[in-house]
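One structure is given here, and the rest of the page talks about it.
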Protein chains: 2
Amino acid sequence: MATIYDVAKAAGVSPKTVSRVLNGDAPVNQKTRDAVLKAIGDLNYIPSSAARTMRSQRSGLVGMITGAISTGPEWSSPAGLPEIFIVQGAQRLLAEYGKTLLISDTGGRADRVPNLIQTFLEHRVEGLIYVAEYHQKVSLPVIGRNTPIVLANCFDDAGTPAVVPDDMGGQRTLVQALIDDGHERIGFLTLPDSLIARDLRVEGYKSALEENGIRFDPDLVVSAALADPAHEFDRLWDSVDRILRLKDRPTALCCGNDKMAMQVYRILHERGLSIPDDISVVGYDDYRIISEHVYPSLSTIDLPYGTIGIRTAETLLRLMDGAARTGKAPVDTVSGPLVWRNSVKKRDRKVTSITQWRS
Amino acid sequence: MATIYDVAKAAGVSPKTVSRVLNGDAPVNQKTRDAVLKAIGDLNYIPSSAARTMRSQRSGLVGMITGAISTGPEWSSPAGLPEIFIVQGAQRLLAEYGKTLLISDTGGRADRVPNLIQTFLEHRVEGLIYVAEYHQKVSLPVIGRNTPIVLANCFDDAGTPAVVPDDMGGQRTLVQALIDDGHERIGFLTLPDSLIARDLRVEGYKSALEENGIRFDPDLVVSAALADPAHEFDRLWDSVDRILRLKDRPTALCCGNDKMAMQVYRILHERGLSIPDDISVVGYDDYRIISEHVYPSLSTIDLPYGTIGIRTAETLLRLMDGAARTGKAPVDTVSGPLVWRNSVKKRDRKVTSITQWRS
DNA sequence: CGATGTCATGACATCGGTGTCATGGTTAGC
DNA sequence: GCTAACCATGACACCGATGTCATGACATCG
């Protein structure tokens, strides 16, 4: 492989001049420049980033770790796989800034993390990103002060900068949209209790009700999923059953995610209820293979993994740039747009909503 | 950051001896070794792979490109995203061999590929992997002879080593399973004509019929999907309609993939047909969020992306190891297991199948 | 016209490891 | 007891870039 010396010799200049042409850090005469560029082309010269890294102490690399890290309950999402969107988002932004992404997956074994970090540090990554499979709390082994790290889709106790989905705001937006469509009795089939997203979304649900002067009825919120997938469906069936038997039956159901919504479709269908005429349904995630293809297509809210990736990279780049931690909260929340399809029916409101004379 | 010289000084030995402890390339006295290891720990020394790469000319890096590359029709799979499984599979195997994965996504723009390759070459990657979104033919810009490259989920005209799914064998297996369950009139709602997988699977379908002495009826094979997603559903509806109106109506339907199967479920349901009692259905891909959660759960065949990733890495490692291209065909096919769930009904065969006296 | 500044370029050291070769001390073999 | 073989270690050059400083050729200015 040709070196900068070969190029220099071929162009009849010094290596340093070739370097100047490549990096543009000092003026070079046009003729000289042309000669150098020609030599580069002829020799098919490709600079060595290893040599450059050594001299300049900047590798241009960013490390990313995906896969399990917490020792919490294994809540596998065999098809969720938000990771790829986060990876793509982060990679694309980093590429714009000339950074290359090193990636490594734990393969589900948290004990491998220190090794991965060691490898990344050997490559002198300028920053690290850790991506969790779902919104959760993690605890990472400590890394030297020098290498900034940003958490994506998770956060920790140590105040590490993090980017997470705005589960509370998302659910609030979703419920607000239902209220705007005239719904007031809104059931909520939640994710498993062990998930942080579950609590945040219930908060968002409550807050939307409150802002609209609707009383919160605990009977309407049912923990519908189990961390154990084996009994998932039966549990969901039972939950729907309980909600439908309520005296003042809800006109709309929020589901923990689109997958659950798909199963709720089936349950409602088997019970002879038509969506959205008899009851409206919304999901969460905008998992398009489901939301676009079920019938009626599902109204939901986008869980913006791509944006989380971009935002994470953005935060990391800023830290790499030496920006001291700003006063800003270390946990950044990202919200996604409503995606309103055909699973919600507009209703006439029985009473004038409080919202109408609020704004 | 501590260097090997700092460690040497702290341990009272020469840098070269530290190097020997790290690499184990020559015997080192136990006492000396302990002193060196202690110094390494005390100083929190992490070797620089840039320096190592420079001297040894081996970077330990493998580059991977994902995203669009062909200029063919944009057949987007918004939710398919096999890439992540391929990435994971490849990364895990590479990690076992001490290789680190550099990853870059084209962001859908094939014209960026040369830049990505340039970047990878600057990092002196020891090998390259290109991952396509779906089984297709691609054409990559030429790279120097030195860096081996393997294609995953695609192939080219130039005879580059490649790993692709065994679409023909998979469909044959699937149809054979239907035949084993007593079906003989088997409809096939295929993927869009533009896809290579479509033709291969039709081949597999025919071959299974032939092996069982069942006459191929072209009316049973309907190109059910369009590359244009806008009219996708109407087209599918029409295709199912056409097949159901056939004089000798099929007892089972093969669908191009699980997503299509999910829509076929809905169509059959609306027509008052029950699965699997009135008609059996199988998919393709084992896209679990669908296949496990529709009702009845879908019998299908796994499209083994993880295995493709592993096999690709395996092939690449062999090439990196200097193994001259063996006589083996450069295109390697990978097949996945049947996943038999509840969407197929066993039938009594009207006539003794030819298979029974064949083996 | 000499002093000063700017432009274009080169010489040389250096980043942090490892390959090569040399060296001194032990042990084995005859 | 002398040589050969081996073990453990160090000196030194080198991988391929770039930062620093120096230098010669011109242009500018008072």
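Every chain is numbered from 1 and lettered A, B, ... according to where its sequence line falls, protein lines coming before strand lines.
Of the possible polar contacts, none joining the A:Gln118 side chain to the A:Leu116 backbone as a donor-acceptor pair under 3.5 Å is found. The backbone N or O of A:Val28 lies less than 3.5 Å from no partner atom in the side chain of A:Thr32, so there is not a single donor-acceptor pair.
For B:Asp25 and D:dC7, the CG to P distance is 15 Å, given to the nearest whole Å. Put simply, CZ on A:Arg58 is 18 Å from P on C:dC15, counting in whole angstrom units. The separation between A:Asp6 atom CG and D:dA17 atom C1' is 13 Å, rounded to whole Å. In this structure, CE of B:Met1 is placed 22 Å from P of C:dT14, rounded to the nearest angstrom. Here C:dG17 presents its C1' atom at 10 Å from CZ of A:Arg124, a figure rounded to the nearest Å. Here the P atom of nucleotide C:dT14 and the CE atom of A:Met54 are 13 Å apart, to the nearest Å. Atom P of nucleotide C:dC15 and atom CD of A:Glu122 are separated by 20 Å, given to the nearest angstrom. Atom CG of B:Leu22 is separated from atom C1' of C:dT18 by 11 Å (rounded to the nearest Å).
Of the N and O atoms on the side chains of A:Glu122 and B:Ser48, not one donor lies less than 3.5 Å from an acceptor on the other residue. Side-chain atoms of A:Ser139 and A:Asp156 form no donor-acceptor pair, as typed in the model, at a separation below 3.5 Å.
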Show me the protein contacts with nucleotides 20-22 of chain D, counting only N or O atoms at under 3.5 Å.
none

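Taking every heavy atom of residues 28-52 of chain A and every atom of DNA chain C, pairs under 4.0 Å involve A:Val28, A:Asn29, A:Thr32, by number.
With sequence neighbours left out, the side chain to side chain contact (heavy atoms under 4.5 Å, CB included) criterion links B:Pro165 to B:His135, B:Asn153, B:Asp167, B:Leu303, B:Ile308. Scored by the side chain to side chain contact (heavy atoms under 4.5 Å, CB included) test, B:Glu96 finds B:Leu93 as partners (sequence neighbours excluded).
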Inset, instruction - Evaluate the side-chain hydrogen bond (donor to acceptor under 3.5 Å, both in side chains) criterion for residues B:Ser14 and B:Thr17: first the C-alpha distance (whole Å), next the side-chain angles of each, then the deciding distance (0.1 Å), finally the verdict. - result: CA-CA 5 Å; B:Ser14 76; B:Thr17 296; 3.3 Å; yes

Inset, instruction - Evaluate the criterion salt bridge (Lys or Arg N to Asp or Glu O under 4.0 Å) for residue pair B:Lys38 and B:Asp42; output intermediate values, then yes/no. - result: CA-CA 6 Å; B:Lys38 177 169 184 313; B:Asp42 289 349; 2.7 Å; yes

Inset, instruction - Could you walk me through whether B:Arg20 and B:Asp25 pass the salt bridge (Lys or Arg N to Asp or Glu O under 4.0 Å) test, one step at a time? - result: CA-CA 6 Å; B:Arg20 280 190 266 258; B:Asp25 53 345; 5.8 Å; no

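DNA chain D contains the following stems of three or more consecutive Watson-Crick or G-U pairs, with both distances under 3.5 Å: C:1-30 with D:1-30.
Checked options A:Leu37, A:Leu43, A:Leu22; the residue passing with A:Val7 is A:Leu43 (criterion: side-chain contact (heavy atoms from CB on, under 4.5 Å)).
Toward the 5' end of DNA chain D, the nearer of the two residues B:Gln57 and B:Pro15, judged by each one's closest nucleotide, is B:Pro15.
Side-chain nitrogen and oxygen atoms of B:Ser19 include none within less than 4.0 Å of the OP1 or OP2 phosphate oxygen of C:dG17. Side-chain N/O atoms of A:Thr17 include one lying less than 4.0 angstrom from OP1 or OP2 on C:dG10.
Counting any heavy atom pair closer than 4.0 Å across all strands shown, B:Val18 reaches no nucleic acid atom. In this structure, B:Thr3 reaches the sugar-phosphate backbone alone: every heavy-atom distance under 4.0 Å involves primed, P, OP1 or OP2 atoms, never a base.
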Can I get a per-line list of side-chain donor-acceptor pairs under 3.5 Å for residues 57-65 of chain B, giving both atom names and the distance, sequence neighbours left out?
from, atom 1, to, atom 2, distance (Å)
B:Arg58, NH2, B:Glu126, OE1, 3.3
B:Ser59, OG, B:Leu61, N, 3.1
B:Ser59, OG, B:Arg124, O, 2.5

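Looking at B:Leu151 and B:Leu140, their side chains come closer than 4.5 Å, going by heavy atoms from C-beta outward.
The side chain of A:Arg55 approaches C:dT14 more closely than any other nucleotide in the set C:dA11, C:dT18, C:dT14.
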